[in-house]
Amino acid sequence: MNNQVKLAIIAIIITIPLISFGVFSSEPNQSKKTNESKLQVMSSFYPLHEFSQKVGQDKVDVKLLVPVGIEPHDWEPTIKDVQQMQKSDLIVINGIGFESWTDKLTEMNYQGVVVDTSNGIIEKNIEEFSINENVVTSGDPHIWLNPIFAKIQVQNIADAFSKSDPENEKYYKENAANYITELDLLDLKIRNELSNCNQNFIAFHDAFSYFSNEYGLIQHTILPSNTPHAEPTAKTLENVINKAKDLNLDVIFTEETADPKTSQVIANEIEGRILVLSPLEIGDDGTYISRMTENLNNLKEALC
């Protein structure tokens with residue numbers, strides 16, 4: 001056997017295992033690449049979760065941070081939540097102080113992008129109506145309840161996704177534009193159907209200031225925005241009852257997570273009834289638009 005033949009045999013012996021290794025190892029690498037091709041996104045609570053899904057669709061893996069049914073005002077992340085956040089590319093928040101836990105992102109040296117959807121929306125300082133004993137001035141975070149501001153939030157999400165994943169920028173921008181068109185229709189429906197109604201209503205807590213300003217309503221509240229789960233005092237209840245009688249109101253609004261007894265006590269005193277006006281802070285059946293439409297229908301029942 002000459003040297004050329006020997007070299008050829010050696011080459012074959014070396015090459016075959018390398019080819020086999022390449023065939024068997026290429027499949028896992030390809031699978032990993034597919035999984036990593038989606039943006040990993042954490043959304044802080046229900047409306048932002050839906051907005052992120054509408055914009056990202058099948059290009060984004062969106063996980064809800066605050067569990068369905070949990071009130072986000074006082075929620076704090078667990079160690080497991082922090083670990084999940086560390087793995088994400090983006091965390092979508094409302095801003096304006098709604099997520100009190102965001103300082104933890106700095107503490108844990110989070111390397112991803114924090115998307116503050118309130119960018120471009122001027123924070124409103126709310127001066128409570130004097131139903132309560134004290135006038136409270138505080139930043140109101142409930143921007144998502146105004147469809148005009150919700151559109152800005154959706155656009156901020158689309159811009160952030162596009163910056164993190166420029167290859168799919170057109171996809172994100174088109175999805176956002178389509179959803180914003182739906183929000184435009186919602187805005188038009190609310191504007192038209194409340195245009196000739198009474199202005200004053202009593203909400204459970206001060207969540208609807210941006211909504212009221214947008215659609216020419218006047219919100220009065222049982223509880224101030226900074227204590228949405230506090231027990232009202234006897235004096236507060238007396239003031240609310242007197243205000244409702246002065247305004248000739250026969251509907252008092254409550255919320256899904258609130259004890260309806262408080263609103264019912266007031267309704268009984270004015271010989272009225274209670275309806276739900278949802279801040280949409282917890283996940284529930286239906287979409288943002290369908291639940292905002294439910295709010296509209298209840299407002300119409302009370303005011304029109």
Side-chain angles (χ1 to χ4, degrees), residues 71 73-74 96-98 123-149 190-282 291-304:
E71 168 61 54
H73 276 279
D74 304 316
I96 316 186
F98 187 71
E123 179 179 352
K124 177 178 173 54
N125 286 325
I126 300 302
E127 183 175 279
E128 301 277 354
F129 285 91
S130 56
I131 291 179
N132 302 297
E133 296 103 314
N134 301 308
V135 175
V136 178
T137 302
S138 61
D140 179 9
H142 300 84
I143 52 178
W144 65 89
L145 292 172
N146 179 344
I148 300 300
F149 290 168
I190 296 170
R191 204 172 294 280
N192 288 340
E193 295 187 13
L194 291 180
S195 60
N196 295 316
C197 300
N198 296 327
Q199 293 180 310
N200 292 279
F201 68 98
I202 296 178
F204 189 77
H205 89 284
D206 189 5
F208 289 86
S209 56
Y210 298 110
F211 180 94
S212 298
N213 286 349
E214 190 66 49
Y215 301 110
L217 304 179
I218 301 173
Q219 173 190 239
H220 306 272
T221 63
I222 300 173
L223 294 173
S225 58
N226 59 342
T227 55
H229 304 297
E231 287 292 328
T233 64
K235 181 62 176 176
T236 293
L237 291 176
E238 181 184 350
N239 290 342
V240 175
I241 291 165
N242 290 337
K243 176 62 71 173
K245 289 179 177 178
D246 289 344
L247 296 172
N248 198 29
L249 301 179
D250 63 1
V251 170
I252 304 296
F253 286 105
T254 188
E255 300 173 5
E256 306 102 317
T257 60
D259 186 345
K261 291 179 183 177
T262 299
S263 297
Q264 190 63 62
V265 165
I266 300 168
N268 291 342
E269 288 296 320
I270 64 172
E271 297 182 352
R273 56 206 168 99
I274 63 173
L275 292 173
V276 172
L277 194 60
S278 174
L280 277 64
E281 292 171 350
I282 62 172
R291 295 180 70 195
M292 285 293 289
T293 302
E294 289 175 9
N295 279 344
L296 170 62
N297 291 336
N298 285 344
L299 280 168
K300 285 166 57 181
E301 189 172 340
L303 304 180
C304 307

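Worth knowing before you read on, the calculation uses all heavy atoms, side chains too, and leaves out hydrogens, waters and symmetry mates.
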Checklist outcome for this item: When rounded to the nearest 0.5 Å, the distance separating OG1 of Thr262 from CD1 of Ile252 is 11.5 Å

Next on the checklist: Pair Glu281, Glu256 - check side chain to side chain contact (heavy atoms under 4.5 Å, CB included), show working.
Outcome noted: CA-CA 9 Å; Glu281 292 171 350; Glu256 306 102 317; over 6 Å; no

Checklist outcome for this item: Rounded to the nearest 0.5 angstrom, the CG-CD distance for Leu247 and Gln199 is 10.5 Å

Checklist entry - Under the criterion side-chain contact (heavy atoms from CB on, under 4.5 Å), which of Asn295, Leu217, Leu277 is the partner of Phe211? => result Leu217

Checklist entry - At what distance, to the nearest 0.5 angstrom, does CG of Asn298 lie from CZ of Phe201? => result 12.0 Å

Checklist entry - Could you state the interatomic distance from CG (Asn239) to NE2 (His220), rounded to the nearest 0.5 Å? => result 13.0 Å

Next on the checklist: For Pro279, is there any backbone N or O sitting under 3.5 Å from a side-chain donor or acceptor partner on Trp144?
Outcome noted: yes

Next on the checklist: If we check side-chain contact (heavy atoms from CB on, under 4.5 Å) with Ile270, which of these qualifies: Ile241, Val251, Asn242?
Outcome noted: Ile241

Next on the checklist: If you apply the rule side chain to side chain contact (heavy atoms under 4.5 Å, CB included), what do you find for Glu71 with Glu255, and how did you get there?
Outcome noted: CA-CA 11 Å; Glu71 168 61 54; Glu255 300 173 5; 5.6 Å; no

Item to check | Neighbour count above 12 (heavy atom, 6.0 Å) for Asp246 CG | outcome: yes

Next on the checklist: Exactly one of Ile202, Leu275, Thr221, Ile222 should register a side-chain contact (heavy atoms from CB on, under 4.5 Å) with Phe253. Which one does?
Outcome noted: Leu275

Checklist entry - Gln264: what forms a side-chain contact (heavy atoms from CB on, under 4.5 Å) with it, not counting sequence neighbours? => result Ala267, Asn268, Ile274

